[in-house]
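None of the values given here were measured: they were computed from a predicted structure. Residue numbers start from 1 in every chain, and the chains themselves are labelled A, B, ... in the order their sequence lines are given, proteins ahead of strands. Below, each value reflects all heavy atoms present in this structure, side chains not excepted, and no hydrogens, waters or symmetry copies.
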Amino acid sequence: MSRVTIPAVSLVPGQAEGPVLALGEPLSFWGGLDAATGRIIDRRHPQCGFTLGGTILLMPSGRGSSSGSSVLAEALRLGTGPSAIVLHRRDGIVAVGAMVAAELYGCSCPVVVLEGVREWSAIAPAARLAIVASEGDGSVMIV
Amino acid sequence: MTLALSAFDRSCLEGGEGPAARFAMRLLARYAESVEAPCFIDAEAAHIDGCLYLGAVSLDFVEHLVRLGGRVRVPTTLNVGSIDLIHPDLVAGDDTLRRAGTRLMQAHETLGCLPTFTCAPYQAGHRPPRGAQIAWAESNAIVFANSVLGARTNRYGDFIDLCCALVGRVPYYGLHVEDNRRARLLVRISTLPESWDEPALCAIAVGYALGRLCRDRIPAVEGLPPGTGEDELKALGAVAASSGALALVHVVGLTPEAPTREAAFHGHQPDEIVTLTAEDLRRAVAQLSTVPDGTPIAGVCLGTPHFSLAEFTRLMPHLDGPRAVVPVYVNTSRAVLERLEACGSAEALRSAGVTLVIDTCTYVTPVLRDLSGAIMTNSGKWAYYAPGNLGIEVAFGSLADCMTSARAGRVTRR
């Protein structure tokens, strides 16, 4: 089977592969994610009730409270967080959450950005993605 | 883009300023690269949103910095914690939360942060001047600092805020840069709902709508009702930063960088003009309630963000007459409590049955004694987050409607 590989900007290095959870709307991890279970609890979010654990999380950007980094890092510490995050727009709050989980606990959750509209729409329907992110460069593979 | 480092930044990275500064600068450098900042600049102040215990990671991070001997290098205020240290019995949580929450607040003090414990430091004596480059966290504080004070901060989050304070540096990008502060979207309010007699209702309706429609564009608003002041702008910003990621809103004729429409847009034309009608505003407010009028309530929560002295002055007349039949909670800061104690208002509030919640907030920690009914609030932000955080139903209304409902025991609007 042929694999499509799309170059991406790497914010947090690491490697992961898994099923895709594509969020229809940005999610604020704080107030929107229960770190203990990895479940989306923002009742106004269209995917309220979905769980992030083990997924390659596609989200256009972060949203809302600046406490999102802690909740993401805590979810990663507890193993309920996503395996990797693919953003459409750069988001420092998301990146920092993943960085701190790596610094304090050695938990890996690569974060990459696909800024191009074509690239972003190309991966949106994928069922499974593989992420490879080093310092600076990364790629997203449809597998 | 490569990140240009000053001699001081490099010294931090190499450990010349101590191990805590090294840890902080390593994280900051990574962050700066991830947001494409070209360099760092000096920060004048910081506001830290790391005192809320969100799990072991909160404490692990700060205690790691304490072990490394960290000290903040700029005046640094603290956002709310999980515990009311003034009334420790108010928070019902289990022992883990109480112990960890208290330890977390103390660890921040050990790093040299000021024990302000408020999400409204700007109404507790900490108001950076216009143009000040600061590293502030907490979404409402960020909007307020940028919009109402004209200070300059990005939406800093946990960890990064403290890293900036520990090295006194902030990445130079986004809203630190003059050109990036210009409005792109003009939002005109064409008509106001006739029955709304509190300007805060309109401010919150507009804020909720802004959060939904702005995405990452900076709005300039025209047509807010007369009487819109600092507390209304605070409420507007708080809900806009909940329903969206707003960090700066210009209000033409009110906020310092928008004396005129032209000034708000730096002489350019708006990319888009949106008109909000009375109907749009009514719909926005309706979306903040999850229950219909008449629903029994188990309490009323005010003060998200923390109530100011002026807001207490507006609350006092509502306490005359029959007592509330459900608990009324008001979140505020130590600084405001001190003023309330000095003028006798604190005693008056307590004897009217009001519970003052200090250092924390009723939607982030278990304070409410009774969750058997809906909770009513005059805060758009509280209404937005409480259903998810506390698993409750919520009714949003004006201050007057909240207090009328507190007496009736159910959602009642005039």
query = What part of A:Ile41 gets closer than 4.5 Å to chain B, counting heavy atoms only: side chain, backbone, both or neither?
reply = both

key: Separation between OH of A:Tyr105 and CG of B:Asp60, rounded to the nearest 0.5 Å   = 3.0 Å

query = If you count heavy-atom pairs under 4.5 Å between each of B:Ala386, B:Ser58, B:Ala56, B:Gly388 and chain A, which one has the most?
reply = B:Ala56

request  = Under 4.5 Å heavy-atom distance to chain B, tell me which part of A:Ala35 shows up: side chain, backbone, both or neither.
outcome  = neither

request  = Report the distance from atom CD1 of A:Ile93 to atom CZ of B:Arg155, rounding to the nearest 0.5 Å.
outcome  = 4.0 Å

Close side-chain approach of A:Ser70 and B:Phe61, heavy atoms under 4.5 Å = no

remark   = Heavy-atom closest pair (A:Leu11 atom, B:Arg30 atom, distance to 0.1 Å) is O-NE, 4.1 Å

request  = Go through the steps to decide whether B:Tyr385 and A:Ser28 satisfy the test side chain to side chain contact (heavy atoms under 4.5 Å, CB included), and finish with yes or no.
outcome  = CA-CA 11 Å; B:Tyr385 282 121; A:Ser28 167; 4.2 Å; yes

query = Where on B:Leu246 is there a heavy atom nearer than 4.5 Å to chain A: the side chain, the backbone, both, or neither?
reply = neither

message = Is B:Asp216 close to chain A through its backbone or its side chain, or both, or neither, when contacts mean heavy atoms under 4.5 Å?
response = side chain

ask   = With a 4.5 Å limit on heavy-atom distance, are the side chains of B:Arg26 and A:Glu103 in contact?
value = yes

query = Of all heavy-atom pairs between B:Ser34 and A:Met99, which one has the smallest distance, and what is that distance?
reply = OG-CE, 4.5 Å

note = Residues B:Phe159 and A:Val96: closest non-hydrogen pair is CD1-CG1, 3.6 Å

query = Minimum heavy-atom separation for A:Arg43 to B:Gly391, with atom names?
reply = NH2-C, 4.3 Å

key: For B:Val57 against A:Ala73, the heavy-atom pair lying closest together   = CG2-CB, 3.8 Å

Shortest non-hydrogen contact between B:Leu54 and A:Glu74, atoms and distance = O-CG, 3.5 Å

Min side-chain heavy-atom separation A:Asp42-B:Tyr384 under 4.5 Å = yes

